[in-house]
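Shown next, in structure tokens, is the structure this report addresses.
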Amino acid sequence: MKLICIKCPRGCEITIDGENIYGNMCPRGLEYAKEEQKCPMRTVTYLAKMGENIVPVKTDKDVPKFMVSKVIDEISKLNLTDAKIGDVVISNVLNTGANIVVTGEKYIGE
């Protein structure tokens, strides 16, 4: 299996051949490759509704990759009345241990 590491800007091409992992330039790449083998994890970024507007949100920690679409479904159910940067709008989303946090100002619709 070949991967492009996403843990730093370097973007190392990592090869996983059975138990052998090579191509990483730092320890984070090695940990990333091991994680990708057993349970890939991802940060989720999305836009939540706030009335007629939208506001950017993200998970405050990675969630299992297979749950990304389910987390997005939960965010899609939101219609916030008021939220500011740093507010937790969903705690422990789907029992993943991750919170959904507002990351920016609302975008005003036209």
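- Heavy atoms only, all atoms of each residue included: V102 and V57 are closest at CA-CG1, 4.0 Å.
- The two residues I90 and E74 have their closest heavy-atom pair at CD1-O, 4.0 Å.
- The heavy-atom pair separating L80 from A48 by the smallest distance is CD1-CB, 4.3 Å.
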Cut-off 3.5 Å, no hydrogens considered: what does the side-chain donor-acceptor table look like for residues 14-30, sequence neighbours left out?
| residue | atom | partner | partner atom | Å |
| --- | --- | --- | --- | --- |
| T15 | OG1 | K2 | NZ | 3.4 |
| N24 | ND2 | C26 | O | 3.0 |

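- For the side chain to side chain contact (heavy atoms under 4.5 Å, CB included) criterion with Y46, the lone passing option out of I54, T59, I75 is I75.
- At least one side-chain heavy atom of E35 sits under 4.5 Å from a side-chain heavy atom of K7.
- Considering all non-hydrogen atoms of both residues, K58 and T45 come closest at CB-CG2, 3.7 Å.
- L47 places none of its side-chain heavy atoms less than 4.5 Å from the side chain of V55.
- Here the rule is side chain to side chain donor-acceptor pair (under 3.5 Å) with N99, and of D60, N92, D87 only D60 fits it.
- Listed here is the closest heavy atom pair of A83 and M50: N-CE, 3.5 Å.
- Here the shortest heavy-atom pairing between I6 and Y32 reads CG1-CE1, 3.6 Å.
- Counting non-hydrogen atoms of neighbouring residues, nucleotides and ligands closer than 6.0 angstrom, the CD atom of Q37 exceeds 12 such neighbours.
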